[in-house]
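Quick notes on the structure that follows.
The structure displayed is predicted, hence computed values, not measured ones.
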Amino acid sequence: MKLGPADVDFLWRAIALAGRGEGHTRPNPPVGAVVVQNGRIVGEGWHRKAGGDHAEVAAIKNAVKKGHSTQGASIYVTLEPCSKPGRVGACTDAIKAAGIARVVYAAADPNPANRGKAKRVLAKAGIPCTRVARAACERAVWDDCGGLESLRQSARRLIEPFAKHVLTGLPFVTVKLAMSLDGKICDDFGDAKWISSAASRKIVGWERASVDAIMVGAETVRRDNPSLLSHNKRNDDLVRVVISRSGKLPKNAQIFTDGAVNETLVFSDAKQALVELGKRGLMHVYCEGGLTLARSLADEGLVDRWISVLSPIVIGSRPIKEARRFAPFSYGFSDPVAGDLESRYEAVQRSASRG
């Protein structure tokens, strides 16, 4: 049976559920699942924490708790179900025990040793297991705005940190820098508050809540004394990491004195830090403190994603508070192939005073 529009909706719901687990599931991936009976969702679940129920089991339990039968139902999952027991039982066993009749998943297991096993295991029990692909979709569904390709990309992005950790032992690294139009991340006095807007900082807060560790350089701690906690939604699973060659940091810094349960680790070398964090099972490290640290990670080929927040101000030699503001009026790729993005700004004209 080909995947149709309703299947797309169910998979998108599973992806939304999976996002709730980001930053909490290490060393497991965030996964979401929905159980569908007679064309409607009767159970939902996501993996909340390693050692807890996997998404498939959580969704099945949720359906049963609400009084729904799972016999003959379909289950939609963001990631290929696991087929061997780990800290908890294999999801394929739970699917068979629940009487599930059909499985649809969006992304394959990145581990070559496990990829494709769920389909083979479930096939022996007479349960079809379908991965989202062009051949599995109705033509109209695939062709509609790229069809399921955008859904597949979203599902793959959810497990990018897990995939890198499984294949290399290292965490996925995201670098985020806020800078002015003249390429500054702070003014000449060392002040970086605030180059980006409150709305941009709020987005960063949400991103912090979905990763395993925040990494900054020692100078960021000395100069800004940040807490490095999520601004909007507290993530007590977050680890704070500082790179300091000397190891000399203010003992009264927030990261040591704020009473948060979040662990704070100090390393002398960024690459060494990533190796150790990988051994601890951390999958996603978010670096947002210091141009020197960002460059060193890039030089080592350790950056997987780079986020640049470009604020329409020119700092020059002034304090940030006196920076000249510009207004954007056009932007777009000047070279889509190379990825060159051209943004144009014009000076904000102050109204002339009236006498």
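With sequence neighbours excluded, no residue forms a salt bridge (charged side-chain N to carboxylate O under 4.0 Å, His left out) with E346. In terms of the ring-ring contact (aromatic ring centres under 6.0 Å, His included) criterion, residue partners of F10 (sequence neighbours excluded) are, by chain and number, Y76. Remark: R344 engages E342 in a salt bridge (charged side-chain N to carboxylate O under 4.0 Å, His left out) (not counting sequence neighbours). Every ring-ring contact (aromatic ring centres under 6.0 Å, His included) that F172 has, sequence neighbours left out, goes to H284. Remark: E219 engages R222 in a salt bridge (charged side-chain N to carboxylate O under 4.0 Å, His left out) (not counting sequence neighbours). In terms of the ring-ring contact (aromatic ring centres under 6.0 Å, His included) criterion, residue partners of H47 (sequence neighbours excluded) are, by chain and number, H54.
Looking only at distances, a side-chain donor or acceptor of Q37 sits under 3.5 Å from a matching main-chain atom of S69. Looking only at distances, no side-chain donor or acceptor of S308 sits under 3.5 Å from a matching main-chain atom of L177. Remark: side-chain polar atoms of N111 are paired, donor with acceptor, to backbone N or O of A113 under 3.5 angstrom.
For the atom pair NZ of K124 and OG1 of T92, the computed distance is 11.0 Å after rounding to the nearest 0.5 Å. Rounded to the nearest 0.5 Å, atoms CG (D93) and SG (C82) are 8.5 Å apart. Here I41 contributes atom CD1 and S74 contributes atom OG; the two are 11.5 Å apart, rounded to the nearest 0.5 Å. Annotation: the span from D269 atom CG to E276 atom CD amounts to 12.5 Å, rounded to 0.5 Å. Considering OG of S311 and CZ of F326, their distance stands at 11.5 Å, rounded to 0.5 Å. Summarising the geometry, atom OG1 belonging to T264 is positioned 11.5 Å from atom CD1 belonging to I214; distances are rounded to the nearest 0.5 Å.
Both W306 and L274 are assigned to one and the same hydrophobic cluster, defined by single-linkage of ILVMFWY side chains at heavy-atom distances under 4.5 Å. Both L228 and Y286 belong to a common hydrophobic cluster when Ile, Leu, Val, Met, Phe, Trp and Tyr are linked at side-chain heavy-atom distances under 4.5 angstrom. Hydrophobic clustering (ILVMFWY, side-chain heavy atoms < 4.5 Å, transitive): V285 and V275 are in one cluster. Note on V57 and I75: separate hydrophobic clusters, where clusters join Ile, Leu, Val, Met, Phe, Trp and Tyr whose side-chain heavy atoms are under 4.5 Å apart, directly or indirectly.
Side-chain contact between W12 and L151 is present, with at least one heavy-atom pair separated by less than 4.5 Å. In this structure the side chain of D212 never reaches within 4.5 angstrom of the side chain of L238, judged on heavy atoms. Using a 4.5 Å heavy-atom threshold, the side chains of V221 and V216 count as touching. Inter-residue side-chain proximity for N62 and V64 is flagged as unmet; no heavy-atom pair is nearer than 4.5 Å. In this structure the side chain of V121 reaches within 4.5 angstrom of the side chain of K96, judged on heavy atoms. With a 4.5 Å cut-off on side-chain heavy atoms, V239 and R26 count as touching. At least one side-chain heavy atom of I127 sits under 4.5 Å from a side-chain heavy atom of V103. The shortest distance between side-chain heavy atoms of K84 and N114 falls below 4.5 Å.
Partner P30 forms a side chain to side chain contact (heavy atoms under 4.5 Å, CB included) with one of I15, T78, L79, T25 and no other, that one being T25.
Contact record, C287 with L293: SG-CD2, 3.6 Å, taken as the closest heavy-atom pair. Between A59 and A33, the closest heavy-atom pair is CB-O, 3.7 Å. The minimum heavy-atom distance between A73 and I100, with the atom names listed, is O-CG2, 3.4 Å. Summarising the geometry of V173 relative to L302, their closest heavy-atom pair is CB-O, 3.2 Å, with the distance given to 0.1 Å. Closest approach of A94 to I60, counting heavy atoms only: O-CD1, 3.9 Å. Nearest heavy-atom pair across P112 and L167 is CD-CD2, 3.9 Å.
Judged as a salt bridge (Lys or Arg N to Asp or Glu O under 4.0 Å), not a single pair has a partner in residues 27-38 (not counting sequence neighbours). Applying the salt bridge (Lys or Arg N to Asp or Glu O under 4.0 Å) test to residues at least two apart or on different chains, none of the pairs has a partner in residues 165-180. For the salt bridge (Lys or Arg N to Asp or Glu O under 4.0 Å) condition, the pairs that include at least one residue of residues 45-73, sequence neighbours left out, are K49-D237, D53-K61. Judged as a salt bridge (Lys or Arg N to Asp or Glu O under 4.0 Å), not a single pair has a partner in residues 105-122 (not counting sequence neighbours).
Remark: R280 engages E263 in a salt bridge, criterion side-chain N to carboxylate O under 4.0 Å. Using a cutoff of 4.0 Å between basic side-chain nitrogens and carboxylate oxygens, R131 and E80 are not scored as salt-bridged. Salt bridge status for R240 with D258: present, with a side-chain N to carboxylate O gap under 4.0 Å.
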request  = Report the C-alpha separation of H165 and T168 in whole Å, then their side-chain angles, then the decisive distance to 0.1 Å, and conclude whether the side-chain contact (heavy atoms from CB on, under 4.5 Å) test is met.
outcome  = CA-CA 5 Å; H165 187 254; T168 70; 5.9 Å; no
R13 vs E44, side-chain contact (heavy atoms from CB on, under 4.5 Å): CA-CA, chis, key distance, verdict = CA-CA 9 Å; R13 178 56 184 166; E44 297 185 332; 2.8 Å; yes
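Within a 6.0 Å sphere centred on CG of N38, heavy atoms belonging to other residues, nucleotides or ligands number 12 at most.
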Compile the donor-acceptor pairs under 3.5 Å between side chains in residues 154-163 and protein atoms, sequence neighbours left out, one pair per line.
unit_1: S154; atom_1: OG; unit_2: S150; atom_2: O; d: 3.1
unit_1: R156; atom_1: NH2; unit_2: E149; atom_2: OE2; d: 3.3
unit_1: E160; atom_1: OE1; unit_2: R305; atom_2: NH2; d: 2.5

Residues 242-255, side-chain donor-acceptor partners within the protein, below 3.5 Å, at least two apart:
unit_1: S244; atom_1: OG; unit_2: G247; atom_2: N; d: 2.8
unit_1: S246; atom_1: OG; unit_2: K248; atom_2: N; d: 3.1
unit_1: Q254; atom_1: NE2; unit_2: N225; atom_2: O; d: 2.7

